[in-house]
Amino acid sequence: MVAAVICVVTVITTAMIYPTNTGDAAKMTFEGYGYELTSRVVSEGFNTSQSSVKLSVSDGQKVDYTKGSSGLKVNFKGNGSSLTVERGSTSADAVRCVLNASAVDSDHFLDLKVKFLTKEVSSWYYGITIRMTPNKVFMYPDVWLGSGTPNFQGQAFLYDVAARGTLDLLVEVRDGNIIVGIDGLETTIKTDHKVIDNLMFGSVTLASNRDRWSTPAPVTLERLDIANGGNVIYHDRLHKTVTAWGHDFTLALQIHADQANPAQLDLFRQLTEQYGVRGEFEAWMDTSSSDSEYSIRTSEDYANALDALQEAGWDIGLHAVTSNPSTRAQILPLIDEFEGRYGPLVSWVDHGNVQQDIWQKGKDPSSPYYISDLLVDGNVMIWVNEEEHSHAKVQDLNLNTVRYRHDSYPGLDLMRSSPYGFLEETNDWWSPDKPVTAEDLSGRQRVYASNSAVLIWHDYTWRMMCVEDGGVNYSLQSHKSMGYAYEPINVTDFIKQGANVHPDGTWKFKQVAVEYFKALSEGYDVWHATPREIYDRSIAMEQLVVSENDSAVTIKNNGPTALEGLTLYTKQRPDYCLESGGTRYYASQGAESWKFVIPEVPANSTIVLSKSETPSSAPSVTGGQAHVVMWGDADELYLQAVRGGPVNLRSNISGGNGLKLVDLETGHESSFSDGSSVDLMRGRDYKITPA
């Protein structure tokens, strides 16, 4: 079972396992980005006929290979075939593989196996299999150190393998632990067993998965580095992201109206109060199917629940206005009535099978169902029900924008969301590999924090909730892997009764959902936004150009509005700060990456930030759980508490009579001595000056 963590295995989810940009190793020239092994004994690009390693295949009828300018191209013709790279009598404790795995898809799962042998006993070894699927990575350790060797459990997490194509992979044995790195995202499997450092390179094997390799497809091993001792350094550049103010990642729920009732809406309000989760509910304005659907015009309870949800910080949008085909003449007064209660319409989400859907007749000016011009004039965010382009990969909706255009919808700005949310992507695993604890649920999301991802989850109330009736919990979907098996809701009853199924029951969130949001709140600094906030910010980000060289970062805002809280992240710990006009911007450590935050990039402007060595007197935050982003000069330090709490704060601003901390929201002032503990409120901006 991959997800189980027993006493001999510890997953370290804080990044920066390796020395980074310190000492002589940091001054070495390194071309490109990725892992550098500073004590390489083999560096093979496979682009000449000569090779420093030995290659062999398991079955010449099922696999062949060629060398060329792009590396070692391996063509797997069927499942269960493999190519192995060996080099005898080579002391080694680290291997780096640059692997083009763009062939990985739902029919082609790829295994990379790495083995190190011990010199102490020839039959002992440290090994691991890294299994790559389109959107997940599994790690299966295989260690034999003699009698009593524990059966080490593996790990897994979401990863957009297919979207990335080329992966930079690292396997290292250090202090008896197996360290796996993928594009700067590192996991340590801690053995707590024997520590054997005197190792030899055993082999690297590429294998087509025995169950999933249905047709011939190639992969390319672009580079293989083998090292012994020395440092492992991950080189990265700065990346811009829609995620604001240094948060680990962004999350918004987009909940559709189908089979939703007022009690369920109230649960989302409670979820916001408890964990800060926000989003948008796509309501029905009117519907004639009152036996199975609620709408604003047909249920005051439903309308009131939407009022409360909006007051809690959610947006209220329209789900094609009604579940019935409705002409423009019928829809316009309903939109006017909606806006009279909930304010200007911010979002339109197609339903899927009504004529006013934009993907059907809603975009056709000659149709009585034409509606898209009104949405364009009102700057309404549009989601169309064509999932091949309106749905993004769940962990791949990030960085630059959620807005897009499509040839089938000329003149319309559309938005993407991710399909069917977290319960599938955190539980849709092979049975032995499913997460079994709340910690597993949190750990599976590490890729989001590693890439400052932006997630908008298209989902439905009943997928997250169960109904208790007569002391029994009923749900359309069970989650046995987490230990929460629900009795099934009768599908016939659900289709007929919809939101009224089990009318005497009490709706509540499934325990797996509660534990998931709890785990996120404890493990990450999440920007809980609404889809519209993300959409608007992504439009502003489209106008932002960030360029970088060894000495400076240039930020050009070509847009008409200023951008606040710009986050630039890197998986490499920076050994520099950014400086402009006497103000320094200091990197802060997030859950899986490091971030610089630029408080404001003015409209139609260019900012040049020089890279300068971080001074020994740089401010620092230690202890506690707070995540703080900082900038300032010699006399004033500004900081924002992305996550609040007590921390030990050293500002290194000289103040003979101590220092003054000002809450810039409330104006409250307090005094403290440098290096002492201060309590910071989440999301608050502060200024520190001499007292």
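What you are looking at is a predicted structure, and each value in this text was computed from that prediction instead of being measured.
- Under the 4.0 Å criterion applied to side-chain N and carboxylate O atoms, Arg532 and Asp315 are not assigned as salt-bridge partners.
- For Tyr516 and Phe509, the ring centers sit 6.0 Å or farther from each other.
- His319 has its ring centre no less than 6.0 Å from the ring centre of Trp348.
- The backbone N or O of Gly184 lies less than 3.5 Å from no partner atom in the side chain of Asp236, so there is not a single donor-acceptor pair.
- Side chains of Tyr409 and Glu386: a donor-acceptor N/O pair is present below 3.5 angstrom, by distance only.
- At distances below 3.5 Å, at least one donor-acceptor pair connects side-chain atoms of Trp359 with backbone N or O atoms of Gly352.
- A salt bridge links Asp373 with Arg328; the closest basic N to acidic carboxylate O contact falls under 4.0 Å.
- Looking only at atom types and distance, the side chain of Thr401 has a donor-acceptor partner in the side chain of Glu542 under 3.5 Å away.
- Sorted by first and then second residue, the side-chain hydrogen bond (donor to acceptor under 3.5 Å, both in side chains) pairs involving residues 329-339 (not counting sequence neighbours) are Arg297-Glu337, Thr327-Gln330.
- Of the charged side-chain nitrogens involved, none lies within less than 4.0 Å of a carboxylate oxygen, so that Asp183 and Lys571 do not count as a salt-bridged pair.
- Salt-bridge annotation for Lys518 and Glu522: present, with a side-chain N of the basic residue lying under 4.0 Å from a carboxylate O of the acidic one.
- Shown here are the salt bridge (Lys or Arg N to Asp or Glu O under 4.0 Å) partners of Arg341, two or more places apart in sequence or in another chain: Glu300, Asp307.
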Only distances under 3.5 Å count here; give the side-chain donor-acceptor pairs of residues 488-495 to other protein atoms, sequence neighbours excluded, each with its distance to 0.1 Å.
residue, atom, partner, partner atom, Å
Asn490, OD1, Thr492, N, 2.9
Asn490, OD1, Asp493, N, 3.0

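- A salt bridge does not link Arg237 to Glu548: none of the charged nitrogens lies less than 4.0 Å from a carboxylate oxygen.
- Ion pairing between Arg269 and Asp266 holds under the 4.0 Å rule for side-chain N and carboxylate O.
- Between the side chain of Asn557 and the backbone N or O of Thr561, at least one donor-acceptor pair lies under 3.5 Å.
- Aromatic rings of Trp314 and Phe268 (six-membered ring for Trp) have centroids within the 6.0 Å cut-off, being under it.
- Going from atom OG of Ser588 over to atom CZ of Phe596 covers 9.0 Å, rounded to the nearest 0.5 Å.
- Between Trp284 and His256, the ring centre distance reaches or exceeds 6.0 Å.
- Remark: the backbone N or O of Ser326 is paired with a side-chain donor or acceptor of Gln356 at under 3.5 angstrom.
- Looking at Tyr404 and His389, their side chains do bring a donor and an acceptor atom within 3.5 Å of each other.
- Under a 3.5 Å cut-off, the side chain of His502 and the backbone N or O of Glu468 do not form any donor-acceptor pair.
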key: Derivation of the side chain to side chain contact (heavy atoms under 4.5 Å, CB included) call for Arg212 and Asp107   = CA-CA 5 Å; Arg212 294 286 185 98; Asp107 295 318; 5.6 Å; no
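- Judged by distance alone, with hydrogens and angles left aside, the side-chain atoms of Trp245 form no donor-acceptor pair with the main-chain N or O of Thr567 at under 3.5 Å.
- Relative ring orientation between Trp462 and Tyr460 is described as parallel, the plane-to-plane angle staying below 30° on a 0-90° scale split at 30° and 60°.
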